[in-house]
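Numbers restart at 1 for each chain; the letters A, B, ... are given by sequence-line order, proteins then strands.
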There are 2 protein chains.
Amino acid sequence: MATGRTHRLPTRSRGIPEATVARLPLYLRALTALSERSVPTVSSEELAAAAGVNSAKLRKDFSYLGSYGTRGVGYDVEYLVYQISRELGLTQDWPVVIVGIGNLGAALANYGGFASRGFRVAALIDADPAMAGKPVAGIAVQHTDELESIISDNGVSIGVIATPAGAAQQVCERLVAAGVTSILNFAPTVLSVPDGVDVRKVDLSIELQILAFHEQRKAGEEAAQDAAQAGATAPAPARPGRVLPDPAARPTTAGATTGPAPAAATAPVTSADVRDNQGPDGDVPAVMPA
Amino acid sequence: MATGRTHRLPTRSRGIPEATVARLPLYLRALTALSERSVPTVSSEELAAAAGVNSAKLRKDFSYLGSYGTRGVGYDVEYLVYQISRELGLTQDWPVVIVGIGNLGAALANYGGFASRGFRVAALIDADPAMAGKPVAGIAVQHTDELESIISDNGVSIGVIATPAGAAQQVCERLVAAGVTSILNFAPTVLSVPDGVDVRKVDLSIELQILAFHEQRKAGEEAAQDAAQAGATAPAPARPGRVLPDPAARPTTAGATTGPAPAAATAPVTSADVRDNQGPDGDVPAVMPA
DNA sequence: ATGCCTTTGTGAACGCGTGCACAAAGATGG
DNA sequence: CCATCTTTGTGCACGCGTTCACAAAGGCAT
């Protein structure tokens, strides 16, 4: 069972820490803006502020790329833009396919940020025959049947999945089998891929839940403070509370009844099960970035 | 001017590590799926597989919530669903506003994952007067002028920004001033917010760039291996050959003219097929999709 | 009851990422 | 050519996050 987990590689790809790689696009964006304003050089302090990071961190990040700065002066904007672009592999053109042209897929297809950074939408693919031929963002949608040939003919190595959760794993497997080695997944599902394939996921639902957690925490602390200070501030509008019924007591081994014991031991819920784990709810894809 | 950084201070919110919080939604999704299949209990091993993580990590994550498992048996699915939901603050209803109803904003509005997880779209807001009143996903779009009153009237504390990059910061400030304390940003910009406000960003462009980096690395290693196996001669680059010679000489402060110094950065990639990145300049920062 | 077997919960080691603080490098002015 | 000032590049320490490995806990069969 080569249930390749997500990305579990040498973490440090050829010397450049993953955390640094994730920030390079941020620096690149800030630098591009400076470049357009014809700013010749920037100090680590200025650039760090623009990118929203610590200047020491920025300098260390750049140190992994080499010594591209000039002490006492800063970094040459144009030169740095080129170096980072090269490091990120943006000096070449990356054909990309988007699978699943629903609301989200269409939004992605229309996203202007593709072309401007070295990415080119090579094809839009959807399983709905009715969509075939329809132009979206100026590109005719093609049917899933042609997925393999499209990828092969265009040398596509990056695929974007914007399908419903239920179709994601299958689409993923076809993409990988056809030669795709990097996938950006917008479907709310955990994708299983073989080693060597990179998967990055973007999930609106998860992001919101994380925010909700912090929001709840903030509300709690605030309440505690208010209580302590005895109503210094006006009581915030009570949020509509939809309280879930508490399953009451924790299941203390009790459930003796339905105990045919579906045998948890023997069937370690593996890939087969995981596969159908799809959307708990009819979850439609989700999220998207900008 | 409180150039508030993102969120990075309390790191460990009330004992639960941030990394753990980020995984809870993942567990919750897997558990919900099991719940719908009426599976009574799961072992950490099974659940970890379904969520795509290490079982030890999962157990440690749960240990921060309390001892909800039964040794020798595993975790009660229903009970755990409740506990995690409660911890994430999903037992209450969170009204959310989406600002910027373009392609992306509309896609988000249509996303089914909202309601299913305790989130409710309270309002759709757009700056275009022509959009006002138009129904999107069954909700009438409202004009930006009403932003403050909408937030106040509905007690909204979570806002989603799906506007073009240029408008994001301004919208953000209005949201925060109106009472929003958590923001999910889809615009490709770094938002500055005061302390106490959480910001999470989703950026397609960045994700793709990270994938491109790894893709390029893979291509490089592959080429190296091929070369080694093929007799270790001729650095035959595989696919989109990378291997670009350091083009522009680094700006060694040389030019006496501190002026604009167009810099040779545009660097015509001397070597073969490596297409030069699109325009050394036309790189428009991007207008959000939408 | 008793012993076996499964699975949790966690102590401890390890590695990555972050941020401080500073010496070295280089520009600039005299 | 030398002094001074600015900014880079990085050694070092600290803390979070991950993973291993195992003792304790509890079910289950005998």
Return no unless some side-chain N or O of Y75(A) is found under 4.0 Å from OP1 or OP2 of dG9(D).
yes

Do L28(B) and L24(B) touch side chain to side chain, with heavy atoms closer than 4.5 Å?
no

With no hydrogens and no angle check, do the side chains of E173(A) and Q169(A) hold a donor and an acceptor under 3.5 Å apart?
yes

For dT10(C), take OP1 and OP2 only and decide whether either is under 4.0 Å from a side-chain N or O of K60(B).
no

If you only use heavy atoms from C-beta on, which nucleotide in dG9(C), dT8(D), dT7(C) is closest to the side chain of S43(B)?
dT7(C)

Starting the side chain at C-beta, find the nucleotide from dT18(D), dT10(C), dG17(D) nearest to S63(B).
dT10(C)

Using OP1 and OP2 only, check whether a side-chain N or O of N54(A) sits under 4.0 Å from dG17(C).
no

Looking only at the side chain of R71(A) (C-beta and beyond, no hydrogens), which of the listed nucleotides dG26(D), dA24(C), dG19(C) gets closest?
dA24(C)

Taking the minimum atom-to-atom distance to the side chain of A19(B), which one of dG17(D), dT8(D), dG27(D) wins?
dG17(D)

Rounded to the nearest 0.5 Å, what's the gap from CG on L58(A) to OH on Y27(A)? Could you check?
4.5 Å

Minimum side-chain heavy-atom gap Y68(B)-D76(B) below 4.5 Å:
no

Students often get this wrong, so: under 4.0 angstrom with heavy atoms, is F62(A) touching a base, only sugar-phosphate, or nothing?
nothing

Below 4.0 Å: OP1/OP2 of dT8(C) and any side-chain N or O of S44(B):
yes

Against the side chain of S67(B), the closest entry in dG9(C), dG17(C), dG17(D) is dG9(C)

